[in-house]
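All of these numbers come straight from a predicted model, not from anything done at the bench.
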Amino acid sequence: MIFDRTINVGGADVVLSCSLVEEDSGMGRIGSGALFSRTPATLVLRDLAVTPDLSPDTLTPFSPPDVPDPNNIILEAKVTSPEIPEAGQLLHADCNDQEVNCEISQYYPREAKQGSTEPAYFIVSLQIEGGGLSLTLVLQTQSVGMDQSDHPVLMQSKLELPLSQSGTLLTEVVFVVFSGSQSQSAPLGGVALLDCGFRQQARTPRQEVGLEWRLQHRGHGRKVLEMRAGQKELETGPEVHVERDGSSVDASQLLGQGNASLTLASLKVSDQGTYICTVSAGLFQAQQVVQLHVIQPPQVSFSEENLVLRDKLKLSCHCKNYYPLDVQIEWLSLSPSDTEPIVLSDQVSLSSHRQHSDGTFSLSSQLTLHSSIFPAGTTVTCRVTHTALDTPLSLSLTVEAPPDSYWMVLGFMVVTILFFYQVMK
């Protein structure tokens with residue numbers, strides 16, 4: 001979570017409490033259930049752009065420890081180029097009481113030899129709770145100047161890397177993969193745009209960029225789209241492999257703006273799941289994860305157009321072609337003498353769920369009405385709640401009194417007499 005915000009000449013600093021995640025050296029021991037160990041760490045993001053609504057008076061300067069401690073893990077990351085997109089969300093997170101999940105791991109770039117220490121790299125995962133901004137940062141260590149007092153450079157005890165005079169590990173952000181939304185809902189048959197992008201330090205115009213989108217759902221994974229694009233590919237056309245019809249990425253925006261967002265057209269229920277956006281550029285590769293929820297609101301109808309109650313009647317409320325499965329159906333009644341509707345639980349039954357070929361579901365609820373309990377003028381309501389509905393959907397019918405039998409018989413006799421009169425005439 002964020003526990004401090006600061007401001008300096010170049011911009012604001014954000015201080016995050018994090019965990020350094022490492023493979024547990026004891027994971028092979030009998031009875032050891034943990035695969036990873038976590039060590040408390042601190043991340044200081046330097047020089048973030050300050051939004052106009054933030055006053056310097058509201059930002060407290062970051063103060064390193066008075067006495068450098070080689071056991072503390074404090075990563076001081078310079079953020080100038082590339083910039084962190086939508087960094088204002090990090091500055092506002094603590095004001096909005098939002099937690100920021102921060103995990104740090106050592107990182108080995110592609111084609112780099114594991115064990116090499118100059119420079120060292122770290123990969124940082126930042127996620128704002130509530131499905132907002134998600135960032136994956138690659139940090140590269142910076143050289144530490146020699147102490148003019150000829151004292152040996154202080155080394156971080158766990159990472160065995162040189163520390164600055166203030167006891168921090170100096171790094172800079174060199175690669176960023178981000179998503180402005182960790183979760184998205186889209187209607188069945190509609191179009192979804194899954195947000196993903198990247199930024200890189202000192203990227204050359206002719207550098208090739210690799211992109212892969214994969215879908216994971218219920219233990220199964222499949223490739224959705226793969227693309228390799230560079231200046232050469234722009235002239236001849238990017239190399240694209242589309243596994244899911246109707247999926248696309250704009251190659252020119254990928255190279256020009258770092259926009260790796262995926263468009264999915266004609267959504268099906270089978271498109272729901274966890275999408276993984278993997279961007280590769282130069283030495284670096286990083287991912288973002290976006291959840292896609294496919295939704296379809298129910299179509300609600302009654303089995304009767306009018307509610308004429310003589311003795312007993314069964315009224316059904318049908319909910320058709322909705323997704324996902326969970327739906328709630330409630331019955332309410334409001335008699336002429338009541339001021340508030342009453343929720344009905346007796347004389348109510350539910351059908352089993354029915355699944356259609358397109359993956360959507362249908363369900364019916366039946367209410368048995370007795371004339372002694374539901375007098376004329378009573379309003380009966382079926383209220384349906386579903387995740388695809390912003391507010392519950394309600395349908396109502398009012399109980400009508402049956403026609404008087406005396407006047408029905410009299411009317412029948414009059415019609416009969418008139419008919420015979422015309423025949424005999």
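- The shortest non-hydrogen separation linking G359 to Q355 is O-NE2, 3.4 Å.
- A donor-acceptor contact closer than 3.5 angstrom links the side chains of T136 and Q288.
- Put simply, the side chain of S364 never gets that close to the backbone of S351: no donor and acceptor are under 3.5 Å apart.
- In plain terms, the two heavy atoms of P324 and T387 that are nearest each other are CD-CG2, 3.4 Å.
- Annotation: D245, atom CG; neighbour count of heavy atoms from other residues, nucleotides and ligands within 6.0 Å does not exceed 12.
- D250 contributes a side-chain N or O that, together with a main-chain N or O of S252, makes up a donor-acceptor pair within less than 3.5 Å.
- Ring orientation note: the planes of W331 and F302 are close to parallel, at an angle under 30° on the 30°/60° scale.
- At a threshold of 4.5 Å between non-hydrogen side-chain atoms, the residues L264 and V224 count as touching.
- The salt bridge (Lys or Arg N to Asp or Glu O under 4.0 Å) pairs that include a residue from residues 69-79 are R46-E76, where partners are two or more places apart or lie in different chains.
- Annotation: salt bridge (Lys or Arg N to Asp or Glu O under 4.0 Å) contacts involving residues 382-399, sequence neighbours excluded, comprise E330-R383.
- Shown here for S365 and I329, the closest heavy-atom pair between the two residues is CB-CG2, 3.7 Å.
- The aromatic rings of Y121 and Y107 sit perpendicular to each other, their planes meeting at more than 60°, with 30° as the lower class boundary.
- A donor-acceptor pair is defined here as one N or O able to donate and one able to accept, closer than 3.5 Å; such a pair exists between the side chain of Q156 and the backbone of L159.
- In this structure a side-chain-to-backbone donor-acceptor pair under 3.5 Å is present from Q272 to V294.
- Here the side chains of Q200 and Q207 are in contact, with some heavy-atom distance below 4.5 Å.
- Within a 6.0 Å sphere centred on CD of E103, heavy atoms belonging to other residues, nucleotides or ligands number more than 12.
- Y322 places a side-chain heavy atom less than 4.5 Å from the side chain of L363.
- Atoms CZ and CG, on R228 and L254 in that order, are 11.0 Å from each other to the nearest 0.5 Å.
- To the nearest 0.5 angstrom, E304 atom CD is 8.5 Å from L397 atom CG.
- In this structure, CZ on F198 lies 6.5 Å from CZ on F175, to the nearest 0.5 angstrom.
- Taking each heavy atom of D195 and S179 in turn, the nearest pair found is O-OG, 2.8 Å.
- Minimum heavy-atom separation, C196 to W213: CB-CZ2, 3.5 Å.
- At least one side-chain heavy atom of V176 sits under 4.5 Å from a side-chain heavy atom of L135.
- In this structure, a donor-acceptor pair under 3.5 Å is absent between the side chains of Q182 and S134.
- Defined by atom type and a distance below 3.5 Å, a donor-acceptor pair is missing between the side-chain atoms of S81 and Q201.
- At distances below 3.5 Å, not a single donor-acceptor pair connects side-chain atoms of S371 with backbone N or O atoms of L309.
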Handout entry: Test log, rule side-chain contact (heavy atoms from CB on, under 4.5 Å), inputs L292 and L267
Key = CA-CA 10 Å; L292 175 61; L267 287 177; 4.2 Å; yes
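- Counting only distance, with no hydrogens or angles, the side chain of T168 and the backbone of L75 share no donor-acceptor pair below 3.5 Å.
- I74 has its side chain within reach of P65: a pair of non-hydrogen atoms, C-beta onward, lies under 4.5 Å apart.
- Summarising the geometry, atom CD belonging to Q106 is positioned 5.0 Å from atom CZ belonging to F122; distances are rounded to the nearest 0.5 Å.
- Side-chain atoms of H356 do not come within 3.5 Å of backbone N or O of D358 as any donor-acceptor pair.
- The distance from atom NZ of K158 to atom OG1 of T39, rounded to the nearest 0.5 Å, is 4.0 Å.
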Problem - side-chain contact (heavy atoms from CB on, under 4.5 Å) assessment of S362 paired with H318 - result: CA-CA 8 Å; S362 292; H318 303 301; over 6 Å; no
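- For the side-chain hydrogen bond (donor to acceptor under 3.5 Å, both in side chains) test, no residue two or more places apart in sequence or in another chain qualifies with S266.
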Handout entry: side-chain contact (heavy atoms from CB on, under 4.5 Å) evaluation trace for F36 with E22
Key = CA-CA 5 Å; F36 298 95; E22 299 175 291; over 6 Å; no
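- Remark: side-chain polar atoms of E129 are paired, donor with acceptor, to backbone N or O of E99 under 3.5 angstrom.
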Handout entry: Steps toward side-chain contact (heavy atoms from CB on, under 4.5 Å) verdict (L369, L315)
Key = CA-CA 7 Å; L369 298 98; L315 178 65; 3.7 Å; yes
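- Neither side chain, Q291 nor S183, offers a donor N or O lying under 3.5 Å from an acceptor on the other.
- Within the 4.5 Å cutoff, side-chain heavy atoms of T368 are placed close to those of K312.
- Closest of all the heavy-atom pairs between I104 and A41 is CD1-CB, 4.4 Å.
- Under the 4.5 Å side-chain criterion, counting only non-hydrogen atoms from C-beta, V174 is in contact with F284.
- The line from CZ of R222 to CZ of R214 is 10.0 Å long, rounded to the nearest 0.5 Å.
- Side-chain contact between V290 and S181 is absent, with no heavy atoms from C-beta onward closer than 4.5 Å.
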